[in-house]
Amino acid sequence: MHPLLIIYHELLQRYGKQGWWPLFACVGGNPTKTGSLQGYHPGDYSYPKNERQQFEICAGAILTQNTAWVNAEQALINLRTLRAVTPKSLMTLPDQALKKAVMPAGYFNQKAKKIREFTQCYLSLQGRAPTREELLAVWGIGNETADSILLYAYKIPVFVVDAYTKRIFSNLGFVDADAEYDEVQEIFTRHVPADMKIYQEYHALIVEHAKRHYGRGLDWKQCPLYRKYRRAPEKISLRWGSAGSLRAVAW
DNA sequence: AACCAGGACGTGA
DNA sequence: TCACGTCATGGT
């Protein structure tokens, strides 16, 4: 078994199933915080159960860009209160109201626009799943957001790479510190079975691990992964990058 | 009171 | 391609 898969199992054993993506818990028809009691759904991969939840995940993926989840969550709750977490109602929402609702997630000018841009794309899909290229063509949707949407909203086995993934696994010696998104993604794709459940858990587990060991004031060199699995990127092989450039990568 | 959060885009070299 | 700068609120 490849170390990247061993590490996955270790994280799973340590932290347990994460139950991503966080969804609204509805108590008495009122929106409550995601992740509270019924919000997360550890071990249940049947979500999203409907288009409402599917769209909620997409909106959340945009709102949480470079932002703590609690802030994106508050923005979602505001939208939910306005009954605007649905494509049609969101498009009829005045720009001012949208920005106000999205405010706690930060970058409210940009994120209001991003959500609108995506919603337009979402409507044009008429229920079918978008391709990665279609998502990337939307203004405001980059690599990570596109892959998060594909993986969590559409259950397509695409490995999500975030800043934590790069930090942790470059520290461990599995990828270059300056590796690009696609490069990191390809390494995981190559060694981790293309199982949507595993991909969902792995990404969530990486975030959890980072929260526990990579926060400020914490020493990531003391984390259990670093002690166990750290390896020097000694074996260097030459590979062709996506742009056709030859570059050395750790193998 | 800095520093950072489950990024993405625009710009000038 | 590369290296910055910009966007913005809220928690620690």
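Just so we're on the same page: letters track the sequence lines, and every chain starts at 1. Treat the numbers as computed from the prediction; the structure is a model and nothing was measured.
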**OP:** Quick one, give me the B/S/- string for nucleotides 8-13 of chain B, reading 5' to 3', where B means a protein heavy atom under 4.0 Å from the base and S means that only happens at the primed atoms, P, OP1 or OP2.
**Re:** SSS---

To the nearest Å, how far apart are [X] [atom1] and [N] [atom2]?
X: A:Lys99; N: C:dT9; atom1: NZ; atom2: P; value: 12 Å
X: A:Trp69; N: C:dG10; atom1: CH2; atom2: P; value: 16 Å
X: A:Phe118; N: B:dG7; atom1: CZ; atom2: P; value: 18 Å

**OP:** Would you please confirm or rule out a distance under 4.0 Å between OP1 or OP2 of B:dA5 and any side-chain N or O of A:Arg167?
**Re:** yes

Subject >> Side-chain donor/acceptor of A:Lys166 to backbone N/O of A:Asp178, under 3.5 Å >> reply: no

Original post:
Centre of A:Phe24's six-membered ring, under 6.0 Å away, within 45 degrees of the axis: is that where NZ or CZ of A:Arg80 sits?
Top reply: yes

Original post:
Do A:Lys49 and A:Tyr47 meet the cation-pi criteria used here (NZ or CZ under 6.0 Å from the six-membered ring centre, within 45° of the axis)?
Top reply: yes

Subject >> Nucleotide of C:dC2, C:dT9, B:dA5 approaching A:Glu180 most closely (side-chain heavy atoms) >> reply: C:dC2

Distance-only donor-acceptor hits, side chain of residues 156-165 of chain A, under 3.5 Å, sequence neighbours excluded:
residue  : atom : partner  : partner atom : Å
A:Asp162 : OD1  : A:Tyr164 : N            : 3.3
A:Asp162 : OD1  : A:Thr165 : N            : 2.8
A:Asp162 : OD1  : A:Thr165 : OG1          : 2.5
A:Thr165 : OG1  : A:Asp162 : N            : 3.2

Original post:
Which whole number of Å gives the distance between the C1' atom of B:dA8 and that of C:dG11?
Top reply: 23 Å

**OP:** Look at all strands and tell whether A:Phe108 reaches a base, only sugar-phosphate, or nothing, counting heavy atoms closer than 4.0 Å.
**Re:** sugar-phosphate

Subject >> Distance flag, aromatic centroids of A:Tyr199 and A:Phe188, threshold under 6.0 Å >> reply: no

Original post:
Salt bridge check: are A:Glu208 and A:Arg212 linked by an N-O gap of less than 4.0 Å?
Top reply: yes

**OP:** Mind running a 4.0 Å heavy-atom check of residues 150-159 of chain A against DNA chain C and sending the residues that fall below it, in number order?
**Re:** none

**OP:** Would you tell me whether A:Tyr229 and A:Glu10 have side-chain atoms, one donor and one acceptor, within less than 3.5 Å of each other?
**Re:** yes

Original post:
Does some side-chain heavy atom of A:Trp69 sit less than 4.5 Å from a side-chain heavy atom of A:Leu76?
Top reply: yes

